[in-house]
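Here's the structure we're looking at; comments come further down.
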Amino acid sequence: MDLTHSPADEEFRAAARAWLDAHVPRAPLPSLETEEGFAAHRTWEAELAADRWSVVSWPERYGGRDAGLLRWLVFEEEYWAAGAPGRVGQNGIALLAPTLFAYGTEEQRARVLPPMATGEVVWAQAWSEPEAGSDLAALASRAVRTDGGWLISGLKTWSSRAAFADRAFGLFRSDPGTGRPHEGLTYLMFDLRAPGVTVRPVGRLDGRPAFAELFLDEVFVPDEDVIGEPGQGWAIAMSATADERGLTLRSPGRFLASAARLRDLWRAQGSPGHARDRVADALIAARAYQVFAYAAASRVLAGARLGPESSMNKVFWSELDLALHETALDLLGAEGELADGAWSEGYVFALAGPIYAGTNEIQRDIVAERLLGLPKGRR
Amino acid sequence: MDLTHSPADEEFRAAARAWLDAHVPRAPLPSLETEEGFAAHRTWEAELAADRWSVVSWPERYGGRDAGLLRWLVFEEEYWAAGAPGRVGQNGIALLAPTLFAYGTEEQRARVLPPMATGEVVWAQAWSEPEAGSDLAALASRAVRTDGGWLISGLKTWSSRAAFADRAFGLFRSDPGTGRPHEGLTYLMFDLRAPGVTVRPVGRLDGRPAFAELFLDEVFVPDEDVIGEPGQGWAIAMSATADERGLTLRSPGRFLASAARLRDLWRAQGSPGHARDRVADALIAARAYQVFAYAAASRVLAGARLGPESSMNKVFWSELDLALHETALDLLGAEGELADGAWSEGYVFALAGPIYAGTNEIQRDIVAERLLGLPKGRR
Amino acid sequence: MRFLLDAEQRAFADALHAMLTAADTPAVIRSWSRGDHARGRALWSRIAEAGVFGLAVPEEYGGLGPRPVELAVAFVELGRHAVPGPLAETVGAAVLLGDRAPAGRFLPGLAAGKETATVAAPTGYALDGDVASLRLLPAPDGLYLSTAAPGPVRRSLDPARRLTRLAPAGELLGTGAPYDRALTWIRLATAAQALGVGLALLDRTVTHVQQRTQFGVPIGSFQAVKHRLADAKTALEFARPLLFGAAVSLRPAEVAAAKLTACEAAYRTARTALHLHGAIGYTAEYDLSLWLTKARALRSAWGTPHECRDLVLTEGLQRG
Amino acid sequence: MRFLLDAEQRAFADALHAMLTAADTPAVIRSWSRGDHARGRALWSRIAEAGVFGLAVPEEYGGLGPRPVELAVAFVELGRHAVPGPLAETVGAAVLLGDRAPAGRFLPGLAAGKETATVAAPTGYALDGDVASLRLLPAPDGLYLSTAAPGPVRRSLDPARRLTRLAPAGELLGTGAPYDRALTWIRLATAAQALGVGLALLDRTVTHVQQRTQFGVPIGSFQAVKHRLADAKTALEFARPLLFGAAVSLRPAEVAAAKLTACEAAYRTARTALHLHGAIGYTAEYDLSLWLTKARALRSAWGTPHECRDLVLTEGLQRG
């Protein structure tokens with residue numbers, strides 16, 4: 001039982017902190033979910049990448065620092081504590097890159113990863129469809145074989161970042177004849193500016209186009225952009241990489257930083273008693289999430305698999321994030337409704353937490369069935 | 001929209017208040033769930049009855065005052081505000097008496113009600129069985145026809161007050177051949193001291209015997225103690241009287257008095273900020289429950305039926321009661337764990353609220369299905 | 001004691017509901033949010049014709065009031081249809097001015113819907129200051145009519161709520177008379193609006209979960225979904241009698257309790273509605289968003305939860 | 001950084017678990033509650049033999065300590081089996097006395113399980129003052145050994161917890177040295193106990209809902225039941241690393257956070273366990289009650305939620 005970082009990891013932390021101190025923009029960038037803000041965040045990715053801070057956990061040859069899970073956690077603590085901008089490359093870095101490391105070819109990694117690391121190519125995810133939200137196996141978008149590749153067609157929804165992104169990745173039904181919904185799906189990457197792609201930005205609650213609908217009409221995808229074997233997409237998407245993803249989807253550093261900002265806001269208002277419990281609980285929960293992550297990382301490093309444990313993680317951070325932002329808005333009183341306040345954008349973002357990446361109901365079902373062994377209900 | 005009581009009702013309130021001022025014991029009686037306390041509470045029932053305050057809503061000829069629903073609410077407000085003792089006759093008065101008014105014979109009413117009003121005969125309910133909790137239709141205890149009556153056998157559980165009560169009422173399967181679980185049940189009254197009855201007191205969490213198991217071995221019940229038609233017990237138990245029962249099971253007066261005591265406790269401790277919200281919310285919820293009851297009573301008086309609305313009532317009061325007592329114990333700090341504190345017994349009692357009289361899950365299912373029209377799930 | 005709406009009150013609610021349903025309020029709200037107030041003004045006139053603003057104006061000034069119960073009835077419907085504009089503030093203005101000398105100058109116009117009024121909240125912000133024809137600024141020394149142009153519009157999370165700071169001073173309309181009575185009326189109207197917002201959110205969500213299928217069944221058959229909606233229903237139905245009890249008494253603490261409870265119920269219902277709609281509920285283009293964001297905004301408008309609890313604790317609620 | 005129990009620590013937990021399972025702790029608890037301490041004392045000796053109390057006693061006095069991580073491991077198991085007696089208090093006594101001159105007089109006996117100790121809490125009540133052989137009374141001027149008989153036993157909602165007031169004064173054991181370090185250890189032990197109580201409640205309830213059928217199916221297949229248990233599991237699993245993090249650092253604020261979180265998780269789990277067991281869970285004769293009531297009592301023992309939050313807010317938690 002040791003929660004002390006090695007001297008080398010502390011050196012890494014110091015280096016990250018020093019770099020961030022020197023580089024983090026003093027004024028917040030414009031919202032990531034605007035055209036202007038997207039461009040500013042892309043520039044920031046390039047600045048990070050120039051000194052190899054954009055993808056610390058990747059191998060050096062793709063722009064990373066070969067940092068292990070513990071150093072990644074350390075980096076994230078420093079990153080968010082420094083008040084650094086949101087990560088426009090997040091979807092590619094957290095979702096696509098681990099899949100490429102596990103299932104991609106060396107050619108794909110060499111081609112795709114470096115421009116992802118610099119923000120030159122920003123990736124959107126293309127999972128959901130109108131009839132396939134929580135029930136992802138109900139996917140209906142098709143991939144039809146053609147010379148040297150596939151023609152993809154269908155409608156993808158809730159594609160985060162797709163309003164301004166460059167490329168996207170997702171699952172397509174390449175063999176509709178299997179009769180089993182999880183089979184015959186293929187994992188593909190495609191260009192959002194290719195012929196046949198129509199991107200319709202969709203505004204979230206505050207009107208900002210945080211995602212888009214993708215209308216795909218016989219969009220050509222060359223074979224080199226298929227990840228893994230055609231037809232094996234489901235297994236690839238749900239694979240071992242999902243394991244670590246449960247840990248890395250939202251880093252503890254984010255919540256530690258938010259909780260500290262919340263405490264500062266509370267103190268700045270004279271430490272009002274009515275919010276005292278909620279502020280203390282946010283600080284404690286952020287710390288709990290952090291030490292839970294260190295415990296999980298220690299298990300992964302010892303060779304364990306996380307599996308359904310990640311579902312607890314998802315429920316915990318999404319509820320923490322929302323509680324934390326609701327407390328902040330309450331502290332702001334009647335001004336809490338202002339849409340351009342520092343906490344408002346975080347609040348709107350937090351509202352989506354319990355919904356996306358598997359609703360919290362699905363996660364609770366998983367915890368109950370797979371961790372506690374309760375009978376599967378009618379789902 | 002009028003929340004003002006009529007002058008006559010206000011006179012009734014004043015009379016009740018004056019009587020209670022003069023008669024309520026200054027020191028609390030010993031716990032109702034002890035032999036000594038049970039006897040003391042029985043004496044109190046007699047004192048109430050002597051001046052016709054024990055069953056105000058009954059007709060005068062049975063010991064009541066013909067008070068309507070509104071006056072009953074008024075009486076309950078005064079009763080609990082005066083700090084008067086818990087009602088040992090509650091089970092008979094709230095559950096059996098309404099059934100006798102609707103389905104009993106005049107002979108039964110004349111024989112059963114007056115000694116119920118005076119506390120001379122205290123009634124226990126005998127509904128649940130080991131395999132029939134929320135699923136009450138699964139009842140297995142039998143009533144077998146014999147000369148001039150029935151022989152009842154089986155095991156009844158969670159019989160409130162049965163450790164010290166005199167008689168009990170419940171449903172028994174008189175025709176096991178119907179194949180439909182809700183049919184062939186008969187509503188019976190029986191003597192807890194009759195041959196063949198074994199009463200095993202069962203202690204609740206604090207060890208006090210708040211209920212008992214009843215082992216019934218061919219206990220003779222004369223025909224005169226059958227309520228309504230044999231075989232029609234389910235309909236009788238679930239009948240129109242259940243409607244008003246949803247309103248009268250727990251009176252708003254109880255929670256108004258508890259919330260006021262909670263506010264007093266909070267103030268006596270210097271109005272600590274950490275409990276401020278919860279104390280305010282208890283006051284507000286008690287008031288909400290009161291005005292909800294006045295609205296419901298007004299609808300009943302206008303000829304409406306409450307029906308599944310009562311399920312909202314049940315969820316609301318049981319959660320309010322528990323929140324209120326949890327707040328009180330928290331205010332008591334480390335002394336909150338003491339079992340003989342003024343709030344402890346109420347806390348233990350409140351813990352049962354979400355469980356009995358239909359668990360809150362069942363109630364929420366009813367609200368969703370019958371008030372909101374959502375599809376019946378697998379239940 | 002007959003704590004029920006009478007037939008006339010119910011008919012009033014039904015008539016407003018029918019009129020607002022026909023008015024296609026989502027389209028009106030979206031125009032209003034963009035700063036195009038034409039359709040909103042037309043709707044405003046029809047709401048005034050229905051007598052809504054007159055409920056806060058005494059008969060001598062062309063109103064029907066004071067009739068707080070009917071006002072609550074009306075504002076539940078306005079909330080149910082998410083009608084935009086300084087509705088509660090216009091009620092507040094009528095009450096503020098009714099106590100003062102220039103009542104005759106303004107009240108008939110307010111009752112008739114010819115004037116729209118806003119009132120600066122204690123934060124300094126006034127709703128729709130850019131469109132209201134009367135901008136009232138309560139100050140320590142009296143009530144001012146703010147005559148200069150208001151500050152720039154700041155956006156609320158509710159796109160239909162456009163907040164401005166009023167220019168200080170202007171014309172002094174009266175001194176001394178207290179602000180508290182008007183605040184109580186504004187809070188009552190806000191509470192009623194919030195209840196209506198919550199009821200609409202519940203209705204829409206119940207419809208959605210009956211239609212939306214996942215895993216081969218309507219999601220409304222999942223127990224977790226049913227229980228969240230049952231809780232929303234219960235919270236709203238217990239807020240309702242508190243609201244009408246507060247309208248009957250007009251005691252500030254009762255009104256504060258109703259405001260808190262209705263707003264919390266509406267906000268909880270909004271959270272449930274968003275969650276059960278999933279991603280589509282999270283989009284601005286889907287009409288649900290118009291109610292979702294209003295539930296959040298009303299929660300802190302004209303009395304935060306903390307301020308409302310304070311009033312309850314200091315003044316107390318009635319027992320009987 | 002290797003934030004995991006090692007094989008030896010896990011083996012220690014397993015051995016304690018096996019020993020306590022064989023000890024039939026429910027019967028021990030019921031005797032203890034009646035004031036019959038014979039079986040409890042026998043169990044105490046075996047716990048001491050396993051080295052539990054020695055973890056708080058330095059080697060020079062016959063202990064193995066200080067080893068707070070192993071102590072937390074052990075107390076999770078003691079809580080899981082709801083072992084009665086002044087367990088955390090004996091740990092506290094070892095720490096209190098370890099700083100003072102008479103350490104050599106008492107510590108070997110505490111480590112060996114020959115002495116049982118209680119410590120008066122800030123309320124003035126001491127757990128099991130009627131049975132503890134050492135009764136310690138921290139006072140402003142120093143630490144006293146209370147030599148006169150303690151006051152009458154007051155019952156806790158947890159029948160196994162017998163509270164007494166200690167007679168003041170007695171023998172002065174030392175002056176000056178702070179009480180805080182002992183309080184931190186007692187809190188850590190209490191947090192660990194609470195986590196164990198919660199884990200046992202969850203285990204028993206999961207078993208129950210798999211076996212109990214209503215409406216023809218195991219109640220564990222209802223989504224409402226599954227989700228409550230999933231929430232209990234999540235709360236407990238997030239309390240666990242906080243507990244061990246606090247054991248590693250021994251910072252008072254970290255320990256307070258762990259105490260609060262473990263106790264809240266255990267109490268929420270107790271509420272869920274009671275609810276899902278239904279009436280049988282509400283009876284004293286069913287063993288579940290022994291854990292249910294302990295979850296409530298530990299919640300306010302040695303630091304109420306409010307006191308724990310205060311420490312977190314004033315001292316802060318570590319970032320990295």
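Here is the naming used below: chain letters follow the sequence lines, and residue numbers restart at 1 for every chain. Since we're looking at a predicted model, the values are computed, not measured.
A donor-acceptor contact shorter than 3.5 Å links the side chain of K314(B) to the backbone of G353(B).
At a 4.5 Å heavy-atom cutoff, the contact between L163(D) and chain B is made by side-chain atoms alone. Interface remark: Y125(D) contributes side-chain atoms only to the contact with chain B (heavy atom separation under 4.5 Å). Using a 4.5 Å cut-off between heavy atoms, R228(D) touches chain B through its side chain atoms alone. No part of L276(D) comes within reach of chain B, as not one of its non-hydrogen atoms sits under 4.5 angstrom from that chain. S156(D) touches chain B through backbone and side chain together, each having a heavy atom under 4.5 Å away. Neither the backbone nor the side chain of A138(B) comes within contact range of chain D; no heavy atoms are under 4.5 Å apart. If you measure heavy-atom distances from A224(D) to chain B, the contacts under 4.5 Å come from the side chain alone. Using a 4.5 Å cut-off between heavy atoms, L329(B) touches chain D through backbone and side chain atoms alike.
Between T283(D) and F211(B), some side-chain heavy-atom pair lies under the 4.5 Å cut-off.
Ion pairing between E326(B) and R271(D) holds under the 4.0 Å rule for side-chain N and carboxylate O.
Between F222(D) and F215(D), the ring planes lie perpendicular to each other; the angle is over 60°, past the 30° to 60° tilted range. Ring geometry for H274(B) versus H306(D): interplanar angle under 30°, hence parallel rather than tilted (30 to 60°).
Sorted by first and then second residue, the ring pair (Phe, Tyr, Trp, His ring centres under 6.0 Å) pairs involving residues 333-375 of chain B (not counting sequence neighbours) are H325(B)-W343(B). Judged as a salt bridge (charged side-chain N to carboxylate O under 4.0 Å, His left out), the pairs with a partner in residues 301-314 of chain D (not counting sequence neighbours) are, in order, R276(A)-D310(D), D277(A)-R309(D), D281(A)-R309(D).
Counting non-hydrogen atoms of neighbouring residues, nucleotides and ligands closer than 6.0 angstrom, the CZ atom of R370(B) reaches no more than 12 such neighbours. A 6.0 Å sphere centred on CD of E35(B) holds no more than 12 heavy atoms belonging to other residues, nucleotides or ligands.
Residues of residues 201-208 of chain B having a heavy atom under 4.5 Å from any heavy atom of chain D, listed by number: V202(B), G203(B), R204(B), L205(B), G207(B).
For K259(D), there are no salt bridge (charged side-chain N to carboxylate O under 4.0 Å, His left out) partners two or more places apart in sequence or in a different chain.
For the set G281(D), A297(D), A301(D), the entry with the most heavy-atom pairs within less than 4.5 Å of chain B is A297(D). Counting heavy-atom pairs closer than 4.5 Å to chain B, the top-ranked of the candidates R299(D), R296(D), H277(D) is R296(D). Contact tally against chain B (heavy-atom pairs below 4.5 Å) for H275(D), R155(D), E285(D): the top residue is H275(D). Looking only at heavy-atom pairs under 4.5 Å with chain B, the residue among L292(D), I280(D), T304(D) that has the most is I280(D). With respect to chain D, the highest number of heavy-atom pairs below 4.5 Å among T157(B), V348(B), N360(B), L338(B) belongs to L338(B).
From R154(D), atom CZ reaches atom CZ of R165(D) across 7.5 Å, with rounding to the nearest 0.5 Å. In this structure, CD1 on I186(D) lies 6.5 Å from CG on L96(D), to the nearest 0.5 angstrom.
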